[in-house]
Amino acid sequence: QVQLVESGGGLVQAGGSLRLSCAASGSAFSFDDMGWYRQAPGKQRELVARITSSGSTNYADSVKGRFTISRDNAKNTVYLQMNSLKPEDTAVYYCNADAHPVFLRGSRNYWGQGTQVTVSS
């Protein structure tokens, strides 16, 4: 029903930038909170940034001032602009979204397949 497809990952040198995109699709669904998470090898998945349907945001302390999350509700797409990248940002980045059928209650949570971000020193 609901699918999240990430794009924009890749290899970048330290200090560089990348912009990740997550396209959400689902017939007759309305999307609520959306966000980005990441998981490095041997570590737990952690929140990077999230954004509500009205545009309120929050960020992990490690990315504040460097990353910016945004969304286009008309396109059901969420973005993550990543600047001043560091090697410790290397991880698989996952898109996450809450969604519910239009005019109905009962939000569910969905995950994308992830996109690899590698930052070289």
[X] vs [Y] side-chain heavy atoms within contact, under 4.5 Å:
X: R66; Y: D89; result: yes
X: T68; Y: L80; result: no
X: S53; Y: R71; result: yes

Discussion item. Listing request: all disulfide (SG to SG under 2.5 Å) pairs with a residue in residues 28-65, at least two apart in sequence or in separate chains.
Written reply: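 Matches after skipping sequence neighbours: none remain.
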Rounded at 0.5 Å granularity, tell me how far [atom1] in [X] sits from [atom2] in [Y].
X: C95; Y: M34; atom1: SG; atom2: CE; result: 4.5 Å
X: L20; Y: Y94; atom1: CG; atom2: OH; result: 13.0 Å
X: L4; Y: S25; atom1: CG; atom2: OG; result: 7.5 Å
X: N58; Y: D33; atom1: CG; atom2: CG; result: 9.0 Å
X: K64; Y: T57; atom1: NZ; atom2: OG1; result: 9.5 Å
X: E46; Y: Q39; atom1: CD; atom2: CD; result: 9.5 Å

Fill in: Inter- and intrachain pairs under ring-ring contact (aromatic ring centres under 6.0 Å, His included), touching residues 97-120, at least two apart
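Sorted pair list: Y37-W111.
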Return the minimal non-hydrogen interatomic distance between [X] and [Y], and the atom names on each side.
X: A91; Y: R38; value: CB-CB, 3.8 Å
X: A49; Y: Y59; value: CB-CD2, 3.5 Å
X: W36; Y: C22; value: CZ2-CB, 3.6 Å
X: A23; Y: T77; value: CA-OG1, 4.1 Å
X: V63; Y: V48; value: CG2-O, 3.6 Å
X: G106; Y: P101; value: O-CD, 4.1 Å

A quick test of your reading: do over 12 heavy atoms of other residues, nucleotides or ligands sit less than 6.0 Å from [atom1] of [X]?
X: Q113; atom1: CD; result: no
X: Q1; atom1: CD; result: no
X: Q3; atom1: CD; result: no

Worksheet item: How far apart are the C-alpha atoms of V117 and V92, what are their side-chain angles, what is the distance that settles it, and do they pass the side chain to side chain contact (heavy atoms under 4.5 Å, CB included) test?
Response: CA-CA 6 Å; V117 172; V92 177; over 6 Å; no
Discussion item. Could you tell me if S107 and D98 have a donor-acceptor pair between their side chains, going purely by distance under 3.5 Å?
Written reply: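 S107 and D98 do not have a side-chain donor-acceptor pair below 3.5 Å.
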Worksheet item: Can you name the side-chain hydrogen bond (donor to acceptor under 3.5 Å, both in side chains) partners of S84, sequence neighbours left out?
Response: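 For S84, no residue satisfies side-chain hydrogen bond (donor to acceptor under 3.5 Å, both in side chains) once neighbours in sequence are set aside.
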Item to complete: Carefully, step by step, assess T52 and D32 under the rule side chain to side chain contact (heavy atoms under 4.5 Å, CB included).
Response: CA-CA 6 Å; T52 69; D32 306 306; over 6 Å; no
Practice prompt. Begin with the C-alpha distance, continue with both residues' side-chain angles, and end with the deciding distance and a verdict on side chain to side chain donor-acceptor pair (under 3.5 Å) for S17 and N83.
Written response: CA-CA 4 Å; S17 298; N83 298 325; 2.9 Å; yes
Discussion item. Determine whether a donor-acceptor pair (N or O, by modelled atom type, separation under 3.5 Å) exists between the side chain of T90 and the backbone of V119.
Written reply: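 Flag set: sc T90 to bb V119 pair under 3.5 Å.
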Fill in: Quiz item: cation-pi between R19 and Y79, 6.0 Å / 45°
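The answer is yes; both the distance and angle limits are met.
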